[in-house]
Protein chains: 2
Amino acid sequence: MRDSSDKTPIWKAIASALRSDLAEGRYTPGDKLPTEAALANRFGVNRHTVRHGISVLVEEGLVRTRRGAGAFVAATPTDYPIGQRVRFHENLNAAGRRPEKRRLALDERAATIGEAQALQIEAGDPVCAYHGLLLADGQPIAVFESLFPLARLGGITAALKETSSVTEALSVVGIDDYTRASTRLTAVRATATHALLLHVAEGDPLLRSSSLNHSQGGLPVESGRTWFAGDRVTLTLEA
Amino acid sequence: MRDSSDKTPIWKAIASALRSDLAEGRYTPGDKLPTEAALANRFGVNRHTVRHGISVLVEEGLVRTRRGAGAFVAATPTDYPIGQRVRFHENLNAAGRRPEKRRLALDERAATIGEAQALQIEAGDPVCAYHGLLLADGQPIAVFESLFPLARLGGITAALKETSSVTEALSVVGIDDYTRASTRLTAVRATATHALLLHVAEGDPLLRSSSLNHSQGGLPVESGRTWFAGDRVTLTLEA
DNA sequence: TGATAAAATATGTATAGTTGTATAGAAAAG
DNA sequence: CTTTTCTATACAACTATACATATTTTATCA
């Protein structure tokens, strides 16, 4: 490979070799690639040359690496429709992914001025704060923070302890349906905490959504913020 | 590479995530933290990485671990009430901590324009500048800078040389009572100097308080700035 | 009921494997 | 001569696994 008169660098050759392996379905999303040492041995080159090749695929978003664990085939971005009714579990099932929610915190506290304004309650009124992680096929795709006004939804904290589903919890406290009233999107850089939870690098771009859900009566029942890992989710907006 | 190589090590991020949980009062002294396995699952990392993070908190004295039992909260951030009367020693005693003040500088000089305005004196008028460190149970929690108008409080410099207590020193010069007229709070990043004094990392978040205390007569007797270590103190505001 | 043993939990320790980073140097190309 | 490519080495950070040891819970039996 080296002695012949090809002028393409070895690391590029390795990159395209691996890329065609992926294209052929030799490895499927979530699979672990051989270790760098194994690849170096297979190609008869130094580990750093292999690393250079892999880094190309990482740049392209085809592969994700985890220190100490290995290199894994990246899953294609999940389509996440933002419409009148935004339901995590339904969205992911529709996208053919296995939805999972991981609770990070759940407590009751007083609302700040800004939060109160959004929920149309008084500052200091009690709210339920639900903080967690959204996963698709076991891979973290977003961090969320939901606020529920306790004045209108007494008992929702207890309900959320039983089920991770917001829809179900709201149903328990008498809200059978709720619709998205507003969604605001901005791009931000990942903080250390978000980076840790989402398994991205600090400073990586995130898609932040600030949303408000209303009950059928037109009153706010949930105010949420969600940070999506930019390269794992594609938000789709319906008319 | 994009993924997994944060600028801040994972174990540090975990340590600060847990630390802020403590600061927010999510766990109170005696409470059991989630198991290492649960935390590893929550953060999506290996148990050893979590252990590394926890060991930081153990070093800091915030957490105590018992083999076979779990990790327990040893101490939580000191509650520091900001009300009409703000007294360091009383505040810490009420919080069950041992208060201590360490003097860093004490001198007399001319007031700058801004300082004079706050103290309602003329620019250039002499003031006493008192600079020091506040500690709780021997751990530094804040850096303060107090200014006293010498025109109204002659002899306070000498008094402050005898006692570290502002309340006592003011009493010596005839001020038996004083009340908080205003408090302004902002979040800032720790400078190298503050970081050194407070035993935090440069750039860590500090809570800066700019305050003004009046005598019973309604005249300013002290203008102060205090930098609290964000994760060691919780300022509580009374009505 | 109460004591005891077994099982399940949870932290502590040890070892090896994998990726990330830093440094230095040789070889080839421009 | 300088830059790029590749090699070589060493170490840091994180993962994976296994097992030891202490604690708590559960089951069992007198």
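Only this structure's heavy atoms are used, side chains among them; waters, hydrogens and symmetry mates stay out. A, B, ... follow the sequence lines: proteins, then strands. Residue 1 opens every chain.
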| said: So, OP1 or OP2 of D/dC6: does either fall under 4.0 Å of a side-chain N or O from A/Trp11? | reply: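 Checking D/dC6 against A/Trp11, a side-chain N or O does come within under 4.0 Å of OP1 or OP2.
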| query | Does B/Thr35 have a side-chain nitrogen or oxygen under 4.0 Å from the phosphate oxygens OP1 or OP2 of C/dT9? | reply |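 Answer is no, no contact under 4.0 Å.
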Output the rounded distance in Å from [atom1] ([X]) to [atom2] ([N]).
X	N	atom1	atom2	value
B/Ile14	D/dA13	CD1	P	14 Å
A/Glu36	D/dC14	CD	P	16 Å
A/Arg66	C/dG20	CZ	P	11 Å
A/Ile10	D/dA8	CD1	P	11 Å
A/Lys12	D/dC6	NZ	C1'	15 Å
A/Arg67	C/dG17	CZ	P	19 Å

| said: So A/Arg47, base contact, sugar-phosphate only, or nothing? Heavy-atom distance under 4.0 Å. | reply: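 The residue A/Arg47 makes base contact.
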| query | Would you call the rings of A/Trp11 and A/His52 parallel, tilted or perpendicular if under 30° counts as parallel and over 60° as perpendicular? | reply |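 If you compare the ring of A/Trp11 with that of A/His52, the planes turn out parallel.
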| said: Which label fits B/His194 and B/Trp227: parallel for a plane angle under 30°, tilted from 30 to 60°, or perpendicular past 60°? | reply: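 Tilted.
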What I want to check is whether the side chains of [X] and [Y] have a donor and an acceptor closer together than 3.5 Å.
X	Y	result
A/Thr179	A/Gln84	no
A/Arg97	A/Thr78	yes
B/Thr8	A/Glu202	yes

| Is any N or O donor-acceptor pair between the side chain of B/His48 and the base of C/dA14 shorter than 3.5 Å? |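 Present.
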| Which of these nucleotides, D/dC14, D/dA16, D/dT5, is closest to any side-chain atom of A/Pro9? |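 Of D/dC14, D/dA16, D/dT5, D/dT5 is nearest to the side chain of A/Pro9.
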| said: Of the options D/dT15, D/dA13, D/dT23, whose atoms approach the side-chain atoms of B/Ala69 most closely? | reply: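 Ranking D/dT15, D/dA13, D/dT23 by closest atom to the B/Ala69 side chain puts D/dT23 first.
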| message | What residues from residues 38-46 of chain B pass a heavy-atom cutoff of under 4.0 Å to DNA chain D? | response |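 Residues of residues 38-46 of chain B that come under 4.0 Å of DNA chain D are, in numerical order, B/Val45, B/Asn46.
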| task | Strictly below 4.0 Å, heavy-atom distances to any atom of DNA chain C: list the hits from residues 51-65 of chain B, or just say none. | result |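 Under 4.0 Å from DNA chain C: B/Arg51, B/Thr65.
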| task | Look up atom CZ in A/Arg98 and atom NE2 in A/His89, then write down how far apart they are to the nearest 0.5 Å. | result |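 Spacing of CZ (A/Arg98) from NE2 (A/His89) equals 10.5 Å.
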| Approximate separation, where rounding is to 0.5 Å, of B/Ile54 CD1 and B/Ile14 CD1 |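 Answer for the CD1-CD1 pair, B/Ile54 versus B/Ile14, is 8.5 Å.
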| said: Quick test of your reading of the model: are A/Asp204 and A/Arg232 salt-bridged, counting only N-O distances below 4.0 Å? | reply: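 Between A/Arg232 and A/Asp204 there is no salt bridge, as every charged N stays at least 4.0 Å from the carboxylate O atoms.
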Counting only pairs under 3.5 Å, give me each side-chain donor-acceptor contact of residues 20-30 of chain A, with atom names and distances, residues two or more places apart or in other chains.
| unit_1 | atom_1 | unit_2 | atom_2 | d |
| --- | --- | --- | --- | --- |
| A/Ser20 | OG | A/Ser16 | O | 2.9 |
| A/Ser20 | OG | A/Ala17 | O | 2.9 |
| A/Thr28 | OG1 | A/Asp31 | OD2 | 3.2 |

| field | Five-pair end axes of the helix from C/dT1-D/dA30 to C/dG30-D/dC1 and the angle they enclose, rounded to 10° | value |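 If I round to tens, the end axes sit 20° apart.
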| message | So if I apply the side chain to side chain contact (heavy atoms under 4.5 Å, CB included) rule between A/Glu222 and each of A/Leu212, A/Ile156, A/Asn213, A/Leu119, which one comes out positive? | response |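 Output: one option passes, namely A/Asn213.
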Quiz: residues 158-175 of chain A side-chain donor-acceptor pairs under 3.5 angstrom, not counting sequence neighbours:
| unit_1 | atom_1 | unit_2 | atom_2 | d |
| --- | --- | --- | --- | --- |
| A/Thr163 | OG1 | A/Ser165 | N | 3.0 |
| A/Thr163 | OG1 | A/Glu168 | OE1 | 3.0 |
| A/Ser165 | OG | A/Thr167 | N | 3.3 |
| A/Ser165 | OG | A/Glu168 | N | 3.1 |
| A/Thr167 | OG1 | A/Tyr178 | OH | 2.9 |

Please list every donor-acceptor pair under 3.5 Å in which a side-chain atom of residues 57-71 of chain B meets a protein atom from a residue at least two apart or in another chain.
| unit_1 | atom_1 | unit_2 | atom_2 | d |
| --- | --- | --- | --- | --- |
| B/Glu60 | OE1 | B/Arg19 | NH1 | 2.8 |
| B/Glu60 | OE2 | B/Arg19 | NH1 | 2.5 |

